[in-house]
Amino acid sequence: GMVLTHLKVQPGECIIVKGLVPPDAKSFALNMGRVNSDLALHFNPRFESHGDARTIICNSLQCGEWGQEQREPEFPFQRGQDAKICISFDAQELMVGLPGDQQLKFPNRLGLEAIEFFSVEGDFRVK
Ligand SMILES: CCCO[C@@H]1O[C@H](CO)[C@@H](O[C@@H]2O[C@H](CO)[C@H](O)[C@H](OCc3cn(Cc4cccc(C#CCN)c4)nn3)[C@H]2O)[C@H](O)[C@H]1NC(C)=O
């Protein structure tokens, strides 16, 4: 999928991603952090993957090691529908704005001061 590097997204700024979730989607991920192996947030909605159904899994990756997963109560995505996702952060947490004005928060475990890396993986067609 799409990979962006050498970004300088600061606290208070936001990344807005719009795209289509294909009708046969199983899973997609938005990754953000310093580099691919140091992610402040791996945001992974699973329609049907790894034994999960309609569950958003959030995690961090530090030096290639996964942290403790956070499983979200809401799943505001539908196969075959467009989705808009807005990401911002501060010293304490990353905030993800979701469809239907839902929002989730994830601790800024890495103490990230700027988002330099952003990638989209799996079943999400960026528009
Ligand atoms: C119960 C004991 C065992 O527990 C399980 O242990 C697994 C391994 O650790 C965890 O799974 C890992 O979870 C991690 C977050 O924590 C990560 O998502 C990681 O995936 C990295 C990864 C990213 N990509 C690229 C990509 C991304 C999204 C879409 C696609 C596609 C497509 C075309 N349909 C491709 N490929 N692999 C996943 O493997 C499970 O959650 C966890 N389950 C529970 C309940 O605890």
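Fair warning: this is a prediction, and the values are worked out from it, not measured in the lab. Start at 1 and go down the list; that is how both ligands and their atoms are numbered.
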Exercise. Is there a donor in the side chain of Gln70 and an acceptor in the side chain of Gln68, or the other way round, less than 3.5 Å apart?
Worked result: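 Judged by distance alone, the side chains do not pair up.
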Problem set entry | For Lys105, all residues meeting salt bridge (charged side-chain N to carboxylate O under 4.0 Å, His left out), sequence neighbours excluded | Glu93
Exercise. Within the side chain of Asn31, is there an N or O that forms a donor-acceptor pair under 3.5 Å with the backbone of Phe118?
Worked result: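 Side chain of Asn31 to backbone of Phe118, a donor-acceptor pair under 3.5 Å: no, none is there.
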Problem set entry | Geometric class of the Phe75/Phe47 ring pair [parallel <30°, tilted 30-60°, perpendicular >60°] | perpendicular
Tabulate distances under 3.5 Å between N/O atoms of ligand 1 and N/O atoms of the protein, writing both atom names on each line.
| unit_1 | atom_1 | unit_2 | atom_2 | d |
| --- | --- | --- | --- | --- |
| ligand 1 | 13 (O) | Arg46 | NH2 | 3.1 |
| ligand 1 | 13 (O) | Glu69 | OE2 | 3.2 |
| ligand 1 | 16 (O) | Asn59 | ND2 | 2.9 |
| ligand 1 | 16 (O) | Glu69 | OE2 | 2.7 |
| ligand 1 | 18 (O) | His42 | NE2 | 2.8 |
| ligand 1 | 18 (O) | Asn44 | OD1 | 3.3 |
| ligand 1 | 18 (O) | Arg46 | NH2 | 3.1 |
| ligand 1 | 34 (N) | Asp123 | OD1 | 3.3 |
| ligand 1 | 34 (N) | Asp123 | OD2 | 2.9 |
| ligand 1 | 39 (O) | His50 | NE2 | 3.1 |
| ligand 1 | 41 (O) | Arg46 | NH1 | 2.9 |
| ligand 1 | 41 (O) | Arg46 | NH2 | 3.2 |
| ligand 1 | 41 (O) | Glu69 | OE1 | 3.4 |
| ligand 1 | 41 (O) | Glu69 | OE2 | 2.6 |

For this session: Identify the residue among Leu39, Leu110, Asn108 that makes a side-chain contact (heavy atoms from CB on, under 4.5 Å) with Ser60.
Result: Leu110
For this session: Output the distance between atom CZ (Phe117) and atom CG (Asp38), rounded to the nearest 0.5 Å.
Result: 10.5 Å
